[in-house]
Amino acid sequence: NAGVTQTPKFQVLKTGQSMTLQCAQDMNHEYMSWYRQDPGMGLRLIHYSVGAGITDQGEVPNGYNVSRSTTEDFPLRLLSAAPSQTSVYFCASSRAGRGPMNEQFFGPGTRLTVL
Amino acid sequence: GQQLNQSPQSMFIQEGEDVSMNCTSSSIFNTWLWYKQDPGEGPVLLIALYKAGELTSNGRLTAQFGITRKDSFLNISASIPSDVGIYFCAGHNNDKIIFGKGTRLHILP
């Protein structure tokens, strides 16, 4: 199993550009989440999904959209990139059970810079 | 909003020493989680705790869920070089999760 995969690993955008961060998992996990990690801060939840067709907002959802059309994939879209969205983005997945963000497997991250 | 206070922020220890770090919150959590993150990688789950007072071990790691449900600690015994990294606690309730800011562990040669 590849686990949780994320592409791209690095990305540089100009302010106002849009892009999609890809996330896929091959563990048949029901739950998937997106986080951002900024220097000196813990991870902050952006959006999460408890199953195909179901998504919900986390702590910092503004400027980001998600959709979950399949169990395996959970892309994160930046509609109009801003410098404040410069961060490292992590996707995570977990089995259904004790809550959508419990015992998660994390991907390797996407390092995004917005100029 | 909710915050977790994780301490210490960083630690410098000698190989073979024991390590202790903790997280406290003003809010109650149903689950406490401890993760380790190596440079350039995503966090990896170390221990999950589900009951107040629960004490759980994973090899040289031991973690406890505080009786008040507002705190948790992680101990590492007999540290080795591969323990270097950043350790994060996280409190989880239903559809919310809050991460601490991390404890960066350095091991001196």
Side-chain angles (χ1 to χ4, degrees), chain A residues 2-7 9-10 21 23-25 27 29-51 54-62 87-111, chain B residues 1-10 21-25 27-52 54 56 58 61 63 65 69 72 74 85-104:
Chain A
V4 179
T5 57
Q6 292 183 237
T7 56
K9 288 195 171 184
F10 301 92
L21 308 186
C23 174
Q25 53 92 9
M27 297 174 283
H29 284 171
E30 291 83 355
Y31 299 156
M32 297 186 75
S33 303
W34 275 102
Y35 296 86
R36 61 178 289 172
Q37 185 176 36
D38 300 304
M41 299 186 69
L43 284 80
R44 291 184 292 169
L45 182 66
I46 304 172
H47 286 285
Y48 67 97
S49 168
V50 297
I54 305 171
T55 65
D56 209 341
Q57 295 182 349
E59 181 185 356
V60 288
N62 292 342
S87 189
V88 182
Y89 291 85
F90 289 100
C91 179
S93 72
S94 60
R95 289 190 302 266
R98 295 178 182 263
M101 281 72 78
N102 192 44
E103 295 194 25
Q104 293 178 306
F105 291 79
F106 282 83
T110 293
R111 283 140 189 84
Chain B
Q2 290 179 309
Q3 286 190 0
L4 293 187
N5 296 313
Q6 185 171 352
S7 65
Q9 284 188 339
S10 65
M21 59 191 78
N22 68 83
C23 273
T24 61
S25 171
S27 304
I28 290 172
F29 289 103
N30 296 327
T31 302
W32 282 95
L33 304 154
W34 285 92
Y35 287 88
K36 178 177 184 268
Q37 186 177 28
D38 292 327
E41 298 184 12
V44 174
L45 181 68
L46 299 173
I47 293 178
L49 302 157
Y50 298 106
K51 285 175 54 176
E54 178 182 356
T56 297
N58 179 6
L61 278 61
F65 192 142
R69 296 168 61 195
S72 178
L74 175 71
I86 305 177
Y87 292 80
F88 291 98
C89 63
H92 180 219
N93 279 337
N94 302 320
D95 61 350
K96 286 185 172 52
I97 187 166
I98 306 294
F99 280 81
K101 294 184 179 181
T103 294
R104 187 180 292 271

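FYI, side chains are in, hydrogens and waters are out, and symmetry mates aren't considered; it's all heavy atoms of this structure. Keep in mind it's a predicted model, so treat the numbers as computed, not measured. Residue numbers start from 1 in every chain, and the chains themselves are labelled A, B, ... in the order their sequence lines are given, proteins ahead of strands.
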What option among B:Glu41, B:Gln9, B:Gln6 has the most heavy-atom pairs under 4.5 Å with chain A? B:Glu41
When A:Glu103, A:Gln104, A:Lys9, A:Arg111 are compared by non-hydrogen pairs under 4.5 Å with chain B, the top option: A:Glu103
I'd like to verify something: which residue of A:Ala92, A:Ser33, A:Gly109, A:Pro108 has the highest number of heavy-atom pairs under 4.5 Å with chain B? A:Pro108
To the nearest 0.5 Å, how far apart are CD1 in B:Ile98 and CG in B:Leu33? 12.0 Å
Check each atom of A:Leu43 against the heavy atoms of chain B and say whether the ones under 4.5 Å are side chain, backbone, both or neither. both
Between B:Gly40, B:Gly100, B:Cys89, B:Pro43, which residue shows the highest count of heavy-atom pairs closer than 4.5 Å to chain A? B:Pro43
Validate the cation-pi geometry between A:Arg44 and A:Tyr35: distance from NZ or CZ to the six-membered ring centre under 6.0 Å, angle to the ring axis within 45°. no
Any side-chain heavy-atom pair of A:His47 and A:Thr55 under 4.5 Å: no
Residue list, ring-ring contact (aromatic ring centres under 6.0 Å, His included) with A:Tyr48, at least two apart or on another chain: none
Contacts of type ring-ring contact (aromatic ring centres under 6.0 Å, His included), residue B:Tyr87, not counting sequence neighbours: none
Which one, B:Thr31, B:Val44, B:Asn30, B:Asp95, leads in non-hydrogen pairs under 4.5 Å with chain A? B:Asp95
Quick one: does A:Phe90's side chain get under 4.5 Å of A:Gln6's, heavy atoms only? yes
Given the options B:Tyr35, B:Phe99, B:Tyr50, which has more heavy-atom pairs under 4.5 Å with chain A than any of the others? B:Tyr50
